[in-house]
Amino acid sequence: QVQVVESGGGLVQPGGSLRLSCAASGSILSIYAMGWYRQAPGNQREMVARITSGGTTNYADSIKGRFTISRDNAKNTVYLQMNSLKPEDTAVYYCKVGLVPISPPGRRDYWGQGTQVTVSS
């Protein structure tokens, strides 16, 4: 069984910073990609940032230069450092982990439960 748990959301003023963390645990053989997605009310879920096991990163245009994704492979953990936050960054942020479980075989995506980020004065 695999668990994905996010933490670090909260309320922050415009221009402020937050750091999200996401840890995967359980019967994991390997992790090939980890990423952050977000969904605001009335909107579709969108990719924010993604990082592969080799360190290749992809960012949404709306957050480039403000957010940084990183990972600790030894801890199966991915981070999202969010700076210069704007009200439009308000959303539920979800972590997605692409991995190969010990059983059953084959690549699968696992999602966390989400963490709320609210940017407001």
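Every heavy atom of this structure was used, including side-chain atoms; hydrogens, water molecules and symmetry mates were not.
To the nearest 0.5 angstrom, E6 atom CD is 11.0 Å from L80 atom CG. For the atom pair CD of Q81 and CG of L18, the computed distance is 8.5 Å after rounding to the nearest 0.5 Å. Atoms CH2 and NZ, on W36 and K96 in that order, are 13.5 Å from each other to the nearest 0.5 Å. Rounding to the nearest 0.5 Å places OG1 of T68 at 6.5 Å from CG of N83. Rounding to the nearest 0.5 angstrom, the gap separating the OG atom in S53 from the CG atom in L99 is 11.5 Å.
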Item to check | Test log, rule side chain to side chain contact (heavy atoms under 4.5 Å, CB included), inputs L85 and F67 | outcome: CA-CA 9 Å; L85 282 160; F67 292 9; 3.7 Å; yes
Item to check | N76 vs S25, side chain to side chain contact (heavy atoms under 4.5 Å, CB included): CA-CA, chis, key distance, verdict | outcome: CA-CA 7 Å; N76 290 342; S25 62; over 6 Å; no
Next on the checklist: Working note: W111 + R45, criterion side chain to side chain contact (heavy atoms under 4.5 Å, CB included); need CA distance, chi angles, decisive distance, verdict.
Outcome noted: CA-CA 12 Å; W111 291 88; R45 191 173 297 188; 3.3 Å; yes
Next on the checklist: Walk me through whether M82 and L20 qualify under side chain to side chain contact (heavy atoms under 4.5 Å, CB included).
Outcome noted: CA-CA 8 Å; M82 305 186 293; L20 305 182; 3.8 Å; yes
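No path of Ile, Leu, Val, Met, Phe, Trp and Tyr side chains, each step under 4.5 Å between heavy atoms, connects Y94 with M34, placing them in separate hydrophobic clusters. Note: the hydrophobic cluster containing V117 does not contain V92 (ILVMFWY, side chain heavy atoms under 4.5 Å, direct or indirect links). In the hydrophobic clustering of this structure, I69 groups with V48; members are Ile, Leu, Val, Met, Phe, Trp, Tyr whose side-chain heavy atoms approach within less than 4.5 Å, directly or through other members.
Listed here is the closest heavy atom pair of K75 and T77: O-OG1, 2.9 Å. Of all the heavy atoms in R38 and S62, the pair that sits closest is NH2-OG, 3.4 Å. When all heavy atoms are compared, the tightest approach of V78 to S70 is CG2-O, 3.2 Å. Nearest heavy-atom pair, R71 versus I51, reported as atom, atom and distance to 0.1 Å: NH1-O, 3.4 Å. Residues Y32 and R108 come closest through the heavy atom pair OH-O, 3.8 Å. For the residue pair S121 and P14, the shortest heavy atom distance occurs at N-CD, 3.7 Å.
Around atom CD of E88, more than 12 heavy atoms belonging to other residues, nucleotides or ligands sit under 6.0 Å away.
Remark: the backbone N or O of V119 is paired with a side-chain donor or acceptor of T90 at under 3.5 angstrom. Remark: the backbone N or O of S27 is not paired with any side-chain donor or acceptor of Q1 at under 3.5 angstrom.
With sequence neighbours left out, the side chain to side chain donor-acceptor pair (under 3.5 Å) criterion links Y110 to no other residue. Partners of S7 according to the side chain to side chain donor-acceptor pair (under 3.5 Å) rule, which considers only residues two or more places apart in sequence or in another chain, do not exist here. Applying the side chain to side chain donor-acceptor pair (under 3.5 Å) test to R50 and every residue at least two apart in sequence or in another chain returns nothing.
Using a 4.5 Å heavy-atom threshold, the side chains of V12 and S17 count as separate. Using a 4.5 Å cut-off on side-chain heavy atoms (C-beta onward), N73 and I31 make no contact.
In this model, no donor atom of one side chain and acceptor atom of the other lie less than 3.5 Å apart for K64 and Y59.
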